[in-house]
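Quick one: the structure is below, questions incoming.
Owing to the predicted nature of the structure, the values given are computational and were not obtained by experimental measurement.
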Amino acid sequence: MSREKNASRGTVKAVIYLLIVVVLAGMVVYLTQSLRRERQPEITGTFIDSKLEAAGELTSAKMIYNGLIHYSDGTIPILTQKAFNMTYRAEVRAGVDLSQAKTEVTDTEVIVTLPAVEILDISIDDDSIQYYDEKAALLNWERKEDALDAIASAKEDVEQQTQEMEDLETMAREQAKTLLTGMLSETIGDKTLVVKFEE
């Protein structure tokens, strides 16, 4: 009889230990899940805006432009009038200023409205500049000033040409959407990201 009591006590103890282990494991899982939930920030427009603002300017398209300009200065031939043609290569960066983005969060979507694509930077490669058909002037020979004026003219030329290029703007828009999706996909959870552009 005492053996049966000892066996039943051993079984009861084993069940009690098993219940204690299950309860403790359940508490650990519950606490871990609740801590994870607390660490994840709430998805709000302000939260997304702060992430975009921290990123600053987003270059989403680059283009290499080869140009030719004619430069002339002065009015009296030979005495003050000088001229030359210049070829150059420029790098144009187009994109958006993410600090100007506006965000709206709904139950199912995160809608990011970006400012219009703009030219962020134009850099002329000094090593690529070549001069042709130079006409010198006796009283107007300052070459360094001419080079600076020619580079400024080259930048104006590139700006004018790129404003007429719809392909660069289209490419910059599509790339900006792709980059934003990569940037925000983990942040927005299961919501759908919608990217729009101001006109």
Self-check item: Nearest-0.5 Å distance that lies between atom CD1 in Ile129 and atom CD1 in Ile124
Solution: 7.0 Å
Self-check item: Close side-chain approach of Thr113 and Val195, heavy atoms under 4.5 Å
Solution: no
Exercise. Would you give the length of the straight line joining atom CZ of Arg89 to atom CG of Asn66, rounded to the nearest 0.5 angstrom?
Key: 6.5 Å
Quiz prompt | Thr106 to Lys191 - nearest heavy-atom pair and separation | solution = O-NZ, 3.0 Å
Quiz item: What are the two closest non-hydrogen atoms of Lys62 and Met171, and how far apart are they?
Solution: O-CE, 4.0 Å
Quiz item: Is the shortest side-chain N to carboxylate O distance from Glu169 to Arg173 below 4.0 Å?
Solution: yes
Quiz prompt | Spatial distance of atom CZ (Arg93) from atom OG (Ser123) [nearest 0.5 Å] | solution = 8.0 Å
Quiz prompt | Reported CD1-to-NZ distance for the pair Ile122 and Lys155, which is rounded to 0.5 angstrom | solution = 7.0 Å
Self-check item: Minimal non-hydrogen separation, Val96 against Ala116, with atom names
Solution: CG1-O, 4.1 Å
Self-check item: Closest approach of Asp97 to Glu118 (non-hydrogen atoms, all atoms of both residues)
Solution: CB-OE2, 4.3 Å
Quiz item: Out of curiosity, Leu68 CG to Asp157 CG, how far, rounded to the nearest 0.5 Å?
Solution: 8.5 Å
Exercise. Check Ala172 against Val117 and note the closest heavy-atom contact, atom names and distance.
Key: CB-CG1, 3.6 Å
Quiz item: Under 4.5 Å between any side-chain heavy atoms of Thr103 and Ile111, yes or no?
Solution: no
Practice problem: Give a yes or no on whether Met183 and Leu120 share a hydrophobic cluster (residues Ile, Leu, Val, Met, Phe, Trp, Tyr; joining criterion: side-chain heavy atoms under 4.5 Å apart). | Solution: no
Quiz item: Does Leu193 share a hydrophobic cluster with Leu179, counting links as ILVMFWY side-chain heavy atoms below 4.5 Å and allowing steps through other members?
Solution: yes
Quiz item: Does any donor atom in the side chain of Asp126 or Tyr88 lie under 3.5 Å from an acceptor atom in the other side chain?
Solution: no
Exercise. Work out which heavy atom in Thr192 is nearest to a heavy atom in Ile188; give both atom names and the distance.
Key: C-CD1, 4.3 Å
Self-check item: Spacing of CG belonging to Leu180 relative to CG belonging to Leu114, to within rounding of 0.5 Å
Solution: 5.5 Å
Quiz item: What do the steps show when you test Val158 against Ile119 for side-chain contact (heavy atoms from CB on, under 4.5 Å), and what is the final call?
Solution: CA-CA 10 Å; Val158 174; Ile119 301 302; over 6 Å; no
